[in-house]
2 protein chains.
Amino acid sequence: MHNKPPTIKDIAQRLHLSISTVSRALRNASDINPETKKSILQLAEDLNYQPNRLALSLRQNQTNTIGVIVPNLDYVISTMVKGIDEAALEAGFTVIVCQSNESFGREVVNTRRMLNSLVDGFIISISSETKSNEHFKVLSERKIPFVVFDRVIPDLVASSVILDNEEGGFLATEHLIEQGYKKIAILAGPQTLGISNSRLDGYKKAMKKHDIRFDDELVTYCDFNQDFAFYATEELLSSKKRPDAIFAISDRMAIGAMLAIKKKGLKMPEEIGLVGFNNEPSLALFNPSISSVEQPSFEIGKLAGKIFIEQFLNNDFSSHKEVILKPKLVIRESSVRLTRKGN
Amino acid sequence: MHNKPPTIKDIAQRLHLSISTVSRALRNASDINPETKKSILQLAEDLNYQPNRLALSLRQNQTNTIGVIVPNLDYVISTMVKGIDEAALEAGFTVIVCQSNESFGREVVNTRRMLNSLVDGFIISISSETKSNEHFKVLSERKIPFVVFDRVIPDLVASSVILDNEEGGFLATEHLIEQGYKKIAILAGPQTLGISNSRLDGYKKAMKKHDIRFDDELVTYCDFNQDFAFYATEELLSSKKRPDAIFAISDRMAIGAMLAIKKKGLKMPEEIGLVGFNNEPSLALFNPSISSVEQPSFEIGKLAGKIFIEQFLNNDFSSHKEVILKPKLVIRESSVRLTRKGN
DNA sequence: AACGTTTCCGGTATCGTTACCGGAAATATT
DNA sequence: AATATTTCCGGTAACGATACCGGAAACGTT
């Protein structure tokens, strides 16, 4: 029947009231007769009235929407997005997600597009391609709030929620050392990416602590990609400095490494150890199951969401919170060579 | 410096023109002096003018945004969403994704929320909980276009893009039969879900074709969930009708089944065969690697997007396209018992 | 020269909502 | 009883854009 959704105007006409009165009734209730209010609310209910969010946003210059920009939607990030989602839902915000597909260009386009009055601000994890931060400086200039998470933007002050990646790298490496592995290689990510370097730093720190000389021939930079990791591992395994353990800074890379190891016919964990990063659920299902560094993804997302909303509601553009959460090492078969002593 | 983004009004004032003229210049260029137009476009460029999409949408009653409602963002669905994304991008549309988390309540809320002038229409895959279609009937009444994909909505006419699920079930089952498995169990999904039943139908069809009596004790309905599948399989394996093959209608369930099989100590594929559904990438990495029915997820999404956009642009609410795409069986170790004869 | 036709531009209403102001009626105060 | 104060409501102007109408100038036509 009714083709168009009811508006405040429809309600006003039906009740022979002005739209101002109806508007008041539907909002804060000040300056209005309880009786009138009741009848308005009743009719609104009957008509299934829903305020037009476009008009609202246009009028109030506020959309109650958060733009989330992520490089992809893999396991970790989609879990983080669920965290953001939850924080947003609790505060009555809507979330719009855009994948940059690890492409700088799409990141810029998406930002600009959303900026067109579609969102109140952003929660961002940059693409691995992103080196410039020009498109984000615009945000600061226009005083548009944003929070970064997971991967931070270099040289840009902003609130951030990230993992202690150095600690993650340290935990993984020290664990391998304690298991008696001597020549531990690291499959690092793209050199441009902060998380990549931090995990490498943790690796170095653990090596240093245990008086193992750092050997940069055991460091391989490659994309966050199973295939790249596969080839990189093949190369490592056939070099004369053949490592007896590999720390891959993502699970995808760990899987690639594992395939190369299997192809080579090496026994895991006896001849070679392996630790990944992120603790994707499927790792437990492999044979051998793969150890990995777990991060509190959901919490990271939820915190990022909360901080964003808090700063937005308080119009707080100056104070910058920096939250760093701790990772946890999940030990499985791929890296356990020693039988535990005692109980 | 400039705190607010420039508007058409700013341009008009700077050039001592009316906003009408500026608006015309920025749109179709009819009724305007080329010179004036040029200067307007120039200034717009300099100011980095971007039209306010809220105002535009409000005025034109059109948002150029598609609301996508999905039960979750697993591998298959997120691939489909990427397909929708691509179709949308090509046509200048934006996509908003909402997960219902397999919950009927959130599905209703999300639909209502987006309906508030946020989207021009919907592309939907229903949650497994959804039985009623009331919240979608509203769409038909209000003549809001929508296309369903993956999982269709029962008793509701609409354009749809789905997989030939019966064919998928048939392919998997016939393959197991041809491999000499005799007692083939099926881990079916929730009985409420169409895709679940279609795949079961395919299973039955294959059984019938090969003159194998259908035994409903070999049918287990359970959630799309690894744990449920694990327990269901344990039960199957310890029953006196112990099957010698399992067809799981999702890969997650297949993995659950595999864990139960390993726990029981059965050899795969010798003692028991296994086929999954969806062909998630990780299946190739298990030991043994798991066979699965692959669906053209990206194409399904892209087609759904294209059909939506086409019907929307043509204001076509009556014609309903129903596209059914064919699955493909990917055979791996988990189900191959016979050595191929010939070549 | 008087008229009709283009060409080009400005004014105004509108989309649905809220913010602000002002005013009539009802009530309270002196 | 006159005045002050609430209480409650309506009118109007925005938010940023487009659509429609109408009108002045410039041009073409007879």
Side-chain angles (χ1 to χ4, degrees), chain A residues 2-41 43-44 47-65 113-120 142, chain B residues 2-41 43-44 47-65 113-120 142:
Chain A
H2 290 146
N3 223 326
K4 284 192 171 182
T7 73
I8 209 174
K9 198 173 166 186
D10 297 327
I11 298 181
Q13 285 175 343
R14 293 244 235 170
L15 297 178
H16 304 290
L17 291 168
S18 78
I19 55 170
S20 316
T21 308
V22 177
S23 174
R24 267 194 302 267
L26 294 170
R27 285 176 293 132
N28 49 8
S30 86
D31 251 31
I32 188 148
N33 188 325
E35 298 275 326
T36 333
K37 185 181 171 187
K38 198 176 151 193
S39 66
I40 291 174
L41 291 182
L43 183 58
L47 294 177
N48 190 21
Y49 167 80
Q50 304 278 120
N52 183 313
R53 291 197 40 172
L54 287 180
L56 236 162
S57 301
L58 179 61
R59 178 63 235 245
Q60 305 196 324
N61 201 27
Q62 179 174 325
T63 59
N64 270 52
T65 303
R113 195 158 190 177
M114 287 186 167
L115 205 46
N116 275 355
S117 333
L118 288 188
V119 300
D120 289 336
R142 286 205 187 158
Chain B
H2 288 147
N3 222 326
K4 284 192 172 183
T7 71
I8 208 175
K9 196 174 167 186
D10 298 326
I11 298 181
Q13 285 174 344
R14 292 244 234 169
L15 297 178
H16 304 290
L17 289 169
S18 78
I19 54 170
S20 317
T21 308
V22 177
S23 174
R24 268 194 301 268
L26 294 171
R27 284 175 294 132
N28 49 9
S30 85
D31 251 31
I32 186 143
N33 187 328
E35 297 276 326
T36 332
K37 185 180 170 186
K38 200 177 152 194
S39 66
I40 291 175
L41 290 182
L43 184 57
L47 294 177
N48 190 21
Y49 168 80
Q50 303 278 119
N52 182 313
R53 291 197 39 173
L54 287 180
L56 238 162
S57 300
L58 180 61
R59 179 63 235 248
Q60 305 194 325
N61 201 28
Q62 181 175 326
T63 59
N64 271 52
T65 302
R113 197 158 190 177
M114 287 187 167
L115 204 47
N116 277 355
S117 334
L118 288 186
V119 300
D120 289 335
R142 285 204 188 158

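Order of the sequence lines fixes the chain letters, A, B, ..., with proteins taken first and strands second; residue numbering starts at 1 for each chain. No hydrogens, no waters, no symmetry mates; every other heavy atom, side chains included, goes into these values.
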Side-chain donor/acceptor contact of [X] with base of [N] under 3.5 Å:
X       : N      : answer
B/Ser20 : C/dG11 : yes
A/Asp31 : D/dC9  : yes
B/Thr7  : D/dG16 : no
B/Arg53 : D/dG16 : no

Between [options], which nucleotide gets closest to the side-chain atoms of [X]?
X       : options                : answer
A/Arg24 : C/dT17, D/dA19, D/dC9  : D/dC9
B/Thr36 : C/dC9, C/dT14, C/dG16  : C/dC9
A/Ile8  : D/dT18, C/dT17, C/dA19 : C/dT17
B/Tyr49 : D/dA17, C/dC8, C/dT17  : D/dA17
B/Asn33 : C/dC8, C/dT17, D/dG11  : C/dC8
A/Leu58 : D/dT18, C/dT17, D/dG16 : D/dG16

**Report entry** Along DNA chain C (nearest heavy atom to each residue), the more 5'-positioned of B/Leu17 and A/Pro51
**Finding:**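 Closer to the 5' end of DNA chain C: B/Leu17.
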Query - Whichever of B/Ile19 and A/Arg27 has its nearest DNA chain C nucleotide further upstream toward 5' - result: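 Nearest nucleotide further toward 5': that of B/Ile19.
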Query raised in the report: NA contact type, B/Ser57, heavy-atom cut-off 4.0 Å: base, sugar-phosphate, or nothing?
Result: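 Here B/Ser57 touches no strand at all.
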Report task. For residues B/Leu56 and B/Pro51, report the shortest heavy-atom separation together with the two atoms involved. Result ->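 In terms of heavy atoms, the two residues are closest at CD1-CB, 3.9 Å.
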Query raised in the report: Counting N and O atoms only, with roles assigned by atom type, does the side chain of A/Asp120 sit under 3.5 Å from a partner on the main chain of A/Thr63, one being a donor and the other an acceptor?
Result: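 Side chain of A/Asp120 to backbone of A/Thr63: a pair is present.
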Query raised in the report: Are A/Ser20 and A/Ser23 linked by a side-chain donor-acceptor pair shorter than 3.5 Å?
Result: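 No, A/Ser23 and A/Ser20 have no side-chain donor paired with an acceptor closer than 3.5 Å.
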Query raised in the report: Is the distance from OP1 or OP2 of C/dG11 to the nearest side-chain N or O of B/Ser18 less than 4.0 Å?
Result: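 For C/dG11, neither OP1 nor OP2 has a side-chain N or O of B/Ser18 closer than 4.0 Å.
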